[in-house]
Amino acid sequence: MPELVLQLTRAGFLALLWLFVLAALRVVRSDLYAASGLRAAVPGVFRKGTKQPAKGKTARQLVVTQGALAGTRISLDGRPILVGRADDSTLVLDDDFASTRHARLSLRGSDWYVEDLGSTNGTYLDRAKVTAPLRVPLGAPIRIGKTVIELRT
């Protein structure tokens, strides 16, 4: 009888080990898919309470208004802006609340859209959690962890 219990214990530990490995692979896979942007792009709409941009004004700079990088300015040239802790991000955040690939700002027509890339703590546009790509009005705060960024002319 003790040998049977020993064998069942070994099989149980082996099953738990495999469950742990599979869970770790699932997390890595989801992080890779989020980083590559393999999501369907759904155009965002204005939410109640967001400010409408002034006619004829376009964003020319991304400005960090709060956080460790406050005062940092990035010129916008039409290319997507990746924000996160990864070294190859356009705006590299040294923030414990930011994910490796946290958010992306992209130009669609003449409007900029923010998209959360499956981050752990979420991305917020003017106090609203970003769940789909949303149009970013000029001056609207985008919160990523402790960092706040805005689009400006």
Side-chain angles (χ1 to χ4, degrees), residues 1-50 59 61-109 111-137 139-151:
M1 190 62 117
E3 190 172 322
L4 178 63
V5 171
L6 182 64
Q7 291 298 330
L8 289 175
T9 305
R10 286 180 182 170
F13 279 128
L14 186 61
L16 283 175
L17 177 66
W18 274 108
L19 286 174
F20 174 76
V21 169
L22 291 175
L25 287 175
R26 186 172 154 229
V27 168
V28 169
R29 179 179 166 261
S30 68
D31 198 29
L32 287 174
Y33 277 120
S36 65
L38 293 176
R39 294 179 181 200
V42 178
V45 294
F46 270 112
R47 293 182 183 228
K48 291 181 181 177
T50 58
Q61 289 184 340
L62 179 71
V63 179
V64 179
T65 58
Q66 291 179 20
L69 298 173
T72 302
R73 295 176 181 271
I74 297 174
S75 295
L76 301 175
D77 58 1
R79 290 183 287 181
I81 306 286
L82 287 175
V83 182
R85 291 175 25 186
D87 291 333
D88 62 342
S89 296
T90 310
L91 180 60
V92 179
L93 301 177
D94 185 24
D95 188 340
D96 293 335
F97 297 102
S99 297
T100 305
R101 301 257 189 246
H102 198 99
R104 174 182 19 225
L105 285 144
S106 56
L107 184 63
R108 297 182 188 169
D111 298 321
W112 284 90
Y113 285 78
V114 64
E115 175 184 6
D116 187 80
L117 299 175
S119 65
T120 304
N121 294 315
T123 302
Y124 293 87
L125 174 63
D126 205 15
R127 297 187 186 149
K129 188 168 185 174
V130 175
T131 56
L134 290 177
R135 185 171 177 236
V136 181
I142 302 168
R143 180 172 296 278
I144 297 172
K146 296 178 182 177
T147 306
V148 178
I149 57 178
E150 292 179 5
L151 293 177

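Heads up: numbering here begins at 1 and tracks the sequence.
Of the possible donor and acceptor atoms, one in the side chain of Asp95 sits under 3.5 Å from a partner among the backbone N and O of Lys146. Side-chain atoms of Asp116 do not come within 3.5 Å of backbone N or O of Val130 as any donor-acceptor pair. Counting only distance, with no hydrogens or angles, the side chain of Asn121 and the backbone of Phe97 share a donor-acceptor pair below 3.5 Å.
For the atom pair CG (Leu134) and OH (Tyr113), the distance works out to 9.0 Å, reported to the nearest 0.5 Å. Atom-to-atom distance recorded for Lys129:NZ and Thr123:OG1 is 8.5 Å, nearest 0.5 angstrom. Considering NE2 of His102 and CD of Glu115, their distance stands at 12.0 Å, rounded to 0.5 Å. A distance of 9.0 Å separates OG1 of Thr9 from CG of Leu4, quoted to the nearest 0.5 Å. Taken from CG in Leu76 to CD in Gln61, the straight-line distance is 7.5 Å, to the nearest 0.5 Å. Note that OG1 of Thr90 is 10.5 Å distant from CZ of Arg104, once rounded to the nearest 0.5 Å.
Paired with Ile149 under the rule side chain to side chain contact (heavy atoms under 4.5 Å, CB included), one option of Thr65, Val63, Leu105 passes, and it is Leu105.
Between Arg101 and Asp88, some side-chain heavy-atom pair lies under the 4.5 Å cut-off. Looking only at side-chain heavy atoms (C-beta outward), Pro133 and Arg108 come within less than 4.5 Å of each other. Between Leu93 and Leu91, some side-chain heavy-atom pair lies under the 4.5 Å cut-off. Side chains of Leu125 and Val136 form a contact here, defined as non-hydrogen atoms less than 4.5 Å apart. Side-chain atoms of Leu62 and Leu151, non-hydrogen and from C-beta on, do get closer than 4.5 Å to each other.
Closest approach of Trp112 and Ala59 over heavy atoms only: CD1-CB, 3.9 Å.
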Please report, to 0.1 Å, the donor-acceptor pairs under 3.5 Å made by any side chain of residues 79-86, with sequence neighbours excluded.
| unit_1 | atom_1 | unit_2 | atom_2 | d |
| --- | --- | --- | --- | --- |
| Arg79 | NE | Asp77 | OD1 | 3.4 |
| Arg79 | NE | Asp77 | OD2 | 3.0 |
| Arg79 | NH2 | Asp77 | OD2 | 2.6 |
| Arg85 | NH1 | Ala98 | O | 3.3 |

